[in-house]
Amino acid sequence: MNLKLIIRYILLSVGIIVGIFHLKQGLKAMFVFRANEPIGMWVSIIAGPLSTLPAILVSFFLPKIGGMWLICGSILSAIAFLITTHTFRDIIWYLLGYSVPMFILGFVALKVK
């Protein structure tokens, strides 16, 4: 096995673990949304935590598409969350919990290609 294939399998394994965690957290957040939740919150959840697992699976077979999906999803969800949330603690929590891991996984997927 060559090094790129080993890194792809490690990326898939770590990504599935992170993706399942993100999926659980995203579904929990969706079930506590109010009836008049701002659209930015919906965008931040759908583009962020709910898209991590599908993007990881795509990045295993199509690293360029999956990597760009992860990077763009992390940036889009972070911007949407920044627009709707104004407390510094929540912003840092979201960036460290969702956006940064997605960005790192996307960057690694692009580098493995």
Got a second to check how far [X]'s [atom1] is from [Y]'s [atom2], nearest 0.5 Å?
X     : Y      : atom1 : atom2 : answer
Leu95 : Asp90  : CG    : CG    : 11.0 Å
Glu37 : Met30  : CD    : CE    : 11.0 Å
Leu23 : Ile16  : CG    : CD1   : 12.5 Å
Leu76 : Met102 : CG    : CE    : 9.0 Å
Ser44 : Ile79  : OG    : CD1   : 12.0 Å
Leu11 : Ile6   : CG    : CD1   : 13.5 Å

Run the side chain to side chain contact (heavy atoms under 4.5 Å, CB included) test on Asn2 and Leu5 for me, step by step, so that the C-alpha distance in whole Å, both residues' side-chain angles and the decisive distance to 0.1 Å come before the verdict. CA-CA 6 Å; Asn2 61 12; Leu5 190 60; 3.1 Å; yes
- Inspect the surroundings of CZ in Phe107 and state if more than 12 heavy atoms from other residues, nucleotides or ligands are less than 6.0 Å away. no
What pair of heavy atoms forms the shortest contact from [X] to [Y], and how long is it?
X     : Y      : value
Ser59 : Ala109 : CB-CB, 4.0 Å
Trp69 : Val58  : CZ3-CG2, 3.7 Å
Val43 : Ala80  : CG1-CB, 3.8 Å
Ser74 : Ser77  : O-OG, 3.2 Å

Compare all side-chain heavy atoms of [X] with those of [Y] and state whether any distance is below 4.5 angstrom.
X     : Y     : result
Phe33 : Pro38 : no
Leu53 : Val18 : no
Thr85 : Thr87 : yes
Gln25 : His22 : no

Shared hydrophobic cluster, [X] / [Y] (ILVMFWY, side-chain heavy atoms < 4.5 Å):
X      : Y      : answer
Leu50  : Phe21  : no
Ile71  : Leu96  : no
Phe103 : Val108 : no
Ile75  : Val100 : no
Met41  : Ile83  : no

Practice task
Would you check, one step at a time, whether the test side chain to side chain contact (heavy atoms under 4.5 Å, CB included) holds for Ile20 with Thr52?
Solution key: CA-CA 8 Å; Ile20 289 172; Thr52 305; over 6 Å; no
Do the rings of Trp93 and Tyr98 sit parallel, tilted or perpendicular, given the 30° and 60° boundaries? perpendicular
- Task: Look only at the side chain of Thr84 and the backbone of Gly40, and say whether a donor-acceptor pair between them is shorter than 3.5 Å.
- Result: no
